[in-house]
Amino acid sequence: TTKTRLPSRSLGKYPQVSNMGGGTTVFVGNIPYDTTEDQLKEIFGQVGNVTSIRLVYDRSTGKPQGYGFCEFEDPEMAASALRNLNGADIQGRKLRLDLADNDTHNSGPGGVGGPGGPGGGMGGGGGGGG
């Protein structure tokens with residue numbers, strides 16, 4: 001069982017769900033590298049029903065990057081996680097939580113600010129004609 005110490009004070013940063021856009025996915029940063037998805041699910045389950053946990057891994061090494069996403073059943077549970085677990089101490093590291101932008105982790109290349117897109121792409125364009 002992972003030892004979790006919740007912050008002693010309410011941060012008050014997320015007082016109303018209506019200001020959060022109704023999101024159910026929370027970005028979780030500063031995760032200890034040896035923490036498992038099951039351990040995180042146990043921790044986040046203290047504040048609400050978790051529907052999924054996704055840790056992010058380095059493609060080349062397969063090692064955890066120290067952040068991930070936790071999806072809750074509804075926006076109120078996500079808001080509760082933000083209020084109660086932001087700053088929680090896990091193995092000597094304080095978790096950093098924020099509401100995730102659902103478009104950020106669902107879009108692939110060609111998304112906002114990414115390569116590709118209409119008339120875009122990387123390296124060279126239209127080519128030929130004469």
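Note that this is a predicted model, so its numbers are computed, not measured.
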Euclidean distance, Glu37 CD relative to Ser52 OG, rounded to 0.5 Å: 9.0 Å

Under 3.5 Å: donor-acceptor pair, side chain of Asn30, backbone of Arg93: no

Evaluation steps, side chain to side chain contact (heavy atoms under 4.5 Å, CB included), between Val26 and Leu82: CA-CA 8 Å; Val26 174; Leu82 290 169; 4.0 Å; yes

Where at least one partner belongs to residues 25-58, residue pairs that pass ring pair (Phe, Tyr, Trp, His ring centres under 6.0 Å), sequence neighbours excluded: Phe27-Tyr67, Phe27-Phe69

From CD1 (Ile90) to CG (Leu95), nearest 0.5 Å: 4.0 Å

Nearest-0.5 Å distance that lies between atom CD in Glu73 and atom OG1 in Thr51: 7.5 Å

Spacing of CD belonging to Glu42 relative to OG1 belonging to Thr36, to within rounding of 0.5 Å: 8.5 Å

Nearest heavy atoms of Phe72 and Val47, plus distance in Å: CE2-CG2, 3.9 Å

Which residues share a side chain to side chain donor-acceptor pair (under 3.5 Å) with Arg96, sequence neighbours left out: none

Approximate separation, where rounding is to 0.5 Å, of Leu97 CG and Arg83 CZ: 12.0 Å

Close side-chain approach of Leu40 to Ile31, heavy-atom, < 4.5 Å: yes

With sequence neighbours excluded, residues passing side-chain contact (heavy atoms from CB on, under 4.5 Å) with Asp58: Ser60, Thr61, Gln65

From CD1 (Ile43) to OG1 (Thr35), nearest 0.5 Å: 6.5 Å

Validation row: Val50, Met77 side chains within 4.5 angstrom (heavy atoms): no

Heavy-atom check, side chain of Val28 versus side chain of Cys70, under 4.5 Å: yes

Least distance between heavy atoms, Ala78 atom then Gly23 atom: CB-O, 3.7 Å

